[in-house]
Amino acid sequence: MWSFSEIAKNIDLWLNGLVGSTWALVLEMVIAGVAVIGLFAALGLVLVIMERKVAAWIQIRLGPNRVGPKGMFQSMADTVKLLVKEGMTPDGADRLLFNVAPFIAMIVAMLLMAPIAFAKDFQLWDMNIGVLYITAVSSLSVIGILMAGWASNNKYSLLGAMRSGAQIVSYELSGGLAILAVVVLTGSISLTDIIKAQENGWWIFKGHIPVIVAFIIYIIAVTAETNRAPFDLAEAESELTAGFHTEYSGMKFALFFLAEYINVFIVCAIGATLFFGGWMPLHIGNWHAFNHIMDYIPSSVWFFGKTFFLIFLIMWFRWTFPRLRIDQLLNLEWKYLLPISMINLLLVTLIAILGWHF
Amino acid sequence: MTNEELKVKLTELLPSVTFEEGGEWLNVVVEPAEWLAFAKQLKSDEALQFDFLFCLTCVDWKTHLTMVYHLRSTKLQHAVVVKAKLDRTKPEIETVSDTWRTAEFHEREVYEMFGVHFLHHPDLRLLILPAGWEGKNPMRKDFEDPVNMIKL
Amino acid sequence: MYRETEIIKDAPQFGEPGFGDLVINVGPQHPATHGVLHLIITLNGETIKDIKPNLGYIHRSIEKMCESLTYRQFIYVTSRMDYLSAHINNHACALVVEKGLQVEVPERAQVIRVLFDELTRIASHELWWGAMAMDLGAFTPFFHSFRERETINVIMEETCGARLTMNYYVPGGVMWDLHPDFQKRVKEFLALYKKKIHEYDELVTGNIIFQNRMKGIGYISAEDVISYGCTGPVARGSGVHSDVRKVSPYSIYNKLDFDEVLETGGDSFARYVVRIKEMHQSIKIIEQLIDNIPEGDFQAKTKAVLKLPKGEYYQSVETARGELGVYIVSEGGTTPYRIKFRSPGFSNLSALNHMIKGGKIGDLIAAMGTLDLVIPDIDR
Amino acid sequence: MFIKDYIKDIASALKSLATGMKMTGYYFTHHKEIITEQYPDNRDTLVLAERFKGEVVMPHDDNNEHACTGCTSCELACPNGSIKIITKFDVDAETGKRKKAIDTWIYHLDLCTMCGLCVEACPTNAIKMAPTFEHSVFDRNKLVKKLNEDGSKVRAGVE
């Protein structure tokens with residue numbers, strides 16, 4: 001009874017009863033806004049701690065263990081530190097662009113929250129063009145980075161911004177084609193249809209070889225799009241000190257820092273929805289007893305479990321691989337990922353038409 | 001080649017060269033004017049092939065400055081020490097940075113520490129000392145610095 | 001006065017060649033320079049056109065200082081020059097003084113010295129390997145390399161009493177005898193090292209991203225290496241036979257069986273492989289010596305006040321970075337009249353401009369990583 | 001043909017990435033490999049090598065006597081002048097002769113580089129290196145120490 005969709009339905013009924021339907025809608029939008037910001041804050045805290053613990057264990061050290069029980073309040077302390085720190089604007093910086101850039105990065109992250117299905121029919125906005133909306137909006141984040149790089153009047157950040165501009169634009173291609181592979185199999189670009197099509201088995205199993213290849217390309221493209229690990233050329237510590245957010249400090253830096261982690265959450269959520277069936281429990285063909293047992297686990301636990309597994313995978317990349325050089329990065333995209341994802345798309349359409357998938 | 005053979009070969013190359021005792025390698029004293037030509041021969045000559053200048057420095061003997069070049073041949077495994085006397089007031093010598101590339105940095109260091117002016121050096125600027133130390137030549141024996149140096 | 005304004009003052013105007021080049025400062029505070037090295041780089045887009053090093057941020061004029069230190073006192077100064085091969089630097093100074101005084105160092109002291117030199121070489125290559133990987137963006141190898149380096153530091157702490165700048169060598173031998181469980185700890189280290197060696201290749205050497213970042217980067221031919229005076233792994237990466245332990249063996253290196261590691265690639269990857277193999281060679285040397293450390297006293301009798309007879313002395317040793325030469329001109333007094341330290345880092349740095357012209361910033365960081373620069377070794 | 005080594009190239013790349021991931025995965029799961037030392041917490045169990053050169057100290061025995069005769073050989077041996085010996089002449093009780101004795105043994109801990117040459121040079125082993133390493137103080141002139149206790153004398157028979 002206590003699933004998210006029930007709660008949402010009760011609130012809706014209660015509000016409609018209380019005030020007229022238009023006011024109820026406005027109030028619901030406010031509640032949704034507050035809920036998303038709350039999710040951001042919680043995610044920010046959880047992901048920072050998770051990243052530092054994963055990094056620590058891989059690097060044979062303990063990780064934060066002093067602030068709070070077993071170091072759990074460390075990210076709380078970091079956020080408070082960033083809140084009280086002075087957000088300086090370097091002289092000679094383009095003041096407007098400099099101060100707006102972090103908010104652009106944050107707005108894009110929030111926009112992408114809309115179509116994601118957190119639990120069984122529990123979505124902010126069940127739009128029928130889900131996938132198209134996601135790919136369109138996620139390409140806006142590069143504007144925030146370019147603004148930051150250009151506005152902070154610092155040679156290193158300019159270099160960092162130029163690099164990340166080239167990187168995000170080129171990795172959109174193979175990321176988009178990988179997503180298309182799943183869209184072709186389901187025949188619709190609405191996220192709920194995609195999840196419903198995975199009723200009798202997730203696409204990663206049903207779509208066998210081509211969807212696995214699409215998934216690998218998707219993970220690589222998405223790591224590049226969020227400027228992480230093997231592709232973190234935008235803020236390459238050892239080359240450009242801190243890349244595009246060198247001059248940021250205080251709350252503005254916190255916004256960039258948070259936007260990066262929220263982007264990682266979103267792309268993993270999308271990856272989980274497309275390839276691992278979002279909130280759909282693990283069903284195998286006609287094993288009804290097994291499927292029935294799987295339904296007992298609430299759908300939101302399924303969703304968050306899959307997403308956090310993918311986040312762990314991306315974090316694992318970060319603490320294992322060195323950084324690519326800018327020309328190798330683009331070389332990898334244009335000479336390897338793009339051709340493979342195109343051929344893979346052809347393969348998937350062939351399988352979809354002939355129905356060779358499970 | 002042993003020291004004696006080297007001695008014969010070098011006097012044949014440049015008659016006006018004199019030799020000094022002391023140290024495990026042959027010490028050759030050369031006139032600063034003939035040094036560049038002599039250096040080129042040392043490197044190009046088949047029997048010598050001194051292609052590795054492993055130490056270039058300067059010693060301040062209070063009456064004059066001596067440039068010391070330690071040369072070794074990586075192919076024939078023999079070494080020689082070439083010295084050139086310069087007068088203290090206007091020390092000048094030809095640069096050898098185009099025969100041995102390593103000389104460029106070492107000569108810049110000797111220039112700022114001892115004030116030896118290297119002619120035709122590609123980039124004779126201060127290397128280690130901060131700006132404003134031109135001409136102070138801290139490594140000379142008569143360098144006075146009341147702040148940092150405590151006279152016992 | 002900020003040195004860079006000099007360059008900007010006469011920056012090329014519109015129409016002149018070189019207009020539109022970006023002049024950026026790498027250093028003196030920069031994560032990849034491992035010290036206060038300041039490189040002024042002229043960039044055209046991402047490719048590097050020219051590098052002008054600006055040194056002297058950690059210049060303590062060691063050579064001027066040594067002119068007022070006696071022959072016992074100046075040894076401790078050299079471990080502040082290349083602090084990663086402190087023992088090997090002290091070994092050079094001790095050898096020069098012993099060569100001048102014709103002091104016969106007992107066999108036990110020589111074996112102890114060679115053991116500590118090789119342990120220092122491994123510790124230095126460990127730290128280089130971790131820092132090199134961190135420069136290229138992989139943070140994990142740094143912590144793994146410090147696990148081995150820490151075991152060596154504990155060995156040093158137990159016998160010499162210090163972890164980084166151990167002042168253990170004196171003219172005539174070593175300050176104290178070995179600690180009783182020195183051999184046990186060294187055997188423990190060898191066991192740990194053998195267990196963990198495959199990880200170095202799995203995590204870094206075999207990694208395809210690493211190879212792409214290092215293969216063909218910072219190429220320097222054999223003639224240029226000799227002409228730029230580079231020694232050590234930088235020279236052996238291009239196939240130049242320059243290991244002082246083989247070219248002019250000192251101490252008991254001629255009695256030891258180890259081979260000089262030579263690679264002909266000439267690029268960053270070749271220099272990387274040379275250092276990794278050199279670690280194996282040092283392990284081989286330690287294994288030969290650890291079980292037969294001869295008995296006898298650890299320090300030869302020397303007079304209270306050491307006076308080197310008039311003349312000049314030169315001794316070179318193979319540090320982790322290359323050939324360190326100590327050139328002493330003595331007037332017969334208790335302090336050297338003039339002393340010159342031929343430091344490997346100084347010449348290796350001069351080759352950087354030749355290596356990296358036309359490369360990208362990422363290549364500069366990769367090439368600088370394989371040069372293994374220690375900045376106090378350059379500035380002295 | 002091009003396609004064959006294109007695929008082989010990708011396969012070897014993925015394999016090398018996979019071995020790297022396997023190794024870090026091993027360390028992620030095996031926490032017994034962690035080598036962090038919790039310094040402030042393990043202070044009482046922390047054992048330092050007894051030869052650790054932390055600070056020069058002058059051991060005094062129970063009746064406040066030390067072995068320093070004030071011969072200043074340690075001051076001469078110190079490479080960077082961090083030792084200053086002030087000597088005084090006090091009259092020896094029986095023989096009535098004036099004998100040189102130590103007045104204050106000034107030790108500049110902030111200048112000292114712990115090289116151990118003074119301990120080496122001392123003829124009567126009056127000073128030794130203590131394995132203490134927590135030297136941080138709030139006021140710099142706390143680092144200038146006087147090693148011989150007040151009212152301490154030379155131990156009899158130390159020449």
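As a basis for the values below, the full set of heavy atoms in this structure was taken, side chains included, without hydrogen atoms, waters or symmetry mates. Computed from a predicted model, the values in this text were never measured in an experiment. Numbered from 1 within each chain, the chains take letters A, B, ... in sequence-line order.
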Which one, C/Glu323, C/Lys99, C/His354, leads in non-hydrogen pairs under 4.5 Å with chain B?
C/Glu323
Could you state the interatomic distance from CZ (C/Arg342) to OG1 (B/Thr102), rounded to the nearest 0.5 Å?
6.5 Å
Inter-residue atom distance C/Gln315.CD - B/Glu24.CD, 0.5 Å rounding:
7.5 Å
So how far is it from C/Ile226 CD1 to B/Arg72 CZ, rounded to the nearest 0.5 Å?
11.0 Å
In Å, rounded to the nearest 0.5 Å, how long is the span from CD1 of B/Ile128 to CD1 of C/Ile58?
12.0 Å
Contact winner vs chain C - B/His70, B/Glu104, B/Glu20, heavy-atom pairs under 4.5 Å
B/His70
Strictly less than 4.5 Å between heavy atoms, which residues of residues 36-60 of chain B line up against chain C? Please order them by number.
B/Asp51, B/Phe52, B/Phe54, B/Cys55, B/Leu56, B/Thr57, B/Cys58, B/Val59, B/Asp60
For B/Leu127 against C/Pro53, the heavy-atom pair lying closest together:
CD1-O, 4.4 Å
Is the shortest side-chain heavy-atom distance between B/Gln77 and C/Ser248 below 4.5 Å?
no
Tell me, for C/Glu63 versus chain B, whether the close heavy atoms (under 4.5 Å) come from the side chain, the backbone, both or neither.
both
C/His59 NE2 to B/Glu109 CD distance, which is reported to the nearest 0.5 Å:
8.0 Å
Stepwise side-chain contact (heavy atoms from CB on, under 4.5 Å) check, C/Lys64 with B/Met113:
CA-CA 10 Å; C/Lys64 184 87 180 175; B/Met113 292 296 177; over 6 Å; no
Under 30°, 30 to 60°, or over 60°: which ring-plane class applies to C/Tyr314 and B/Trp25, parallel, tilted or perpendicular?
tilted
Turns out that what part of C/Phe346 lies under 4.5 Å from chain B's heavy atoms comes down to both
C/Thr231 versus chain B, heavy atoms under 4.5 Å apart: side chain, backbone, both or neither?
side chain
Nearest 0.5 angstrom please: B/Asn27 CG to C/Glu312 CD, how far?
5.0 Å
Using the rule given for side-chain contact (heavy atoms from CB on, under 4.5 Å), can you reason through B/Thr74 versus C/His241, listing the C-alpha separation, both sets of side-chain angles and the distance that settles it, and then say yes or no?
CA-CA 8 Å; B/Thr74 48; C/His241 171 64; over 6 Å; no
Over all atoms of both residues, closest heavy-atom pair of B/Lys141 and C/Tyr337:
NZ-O, 2.7 Å
The interface call for C/Lys340 against chain B, heavy-atom contacts under 4.5 Å, is side chain
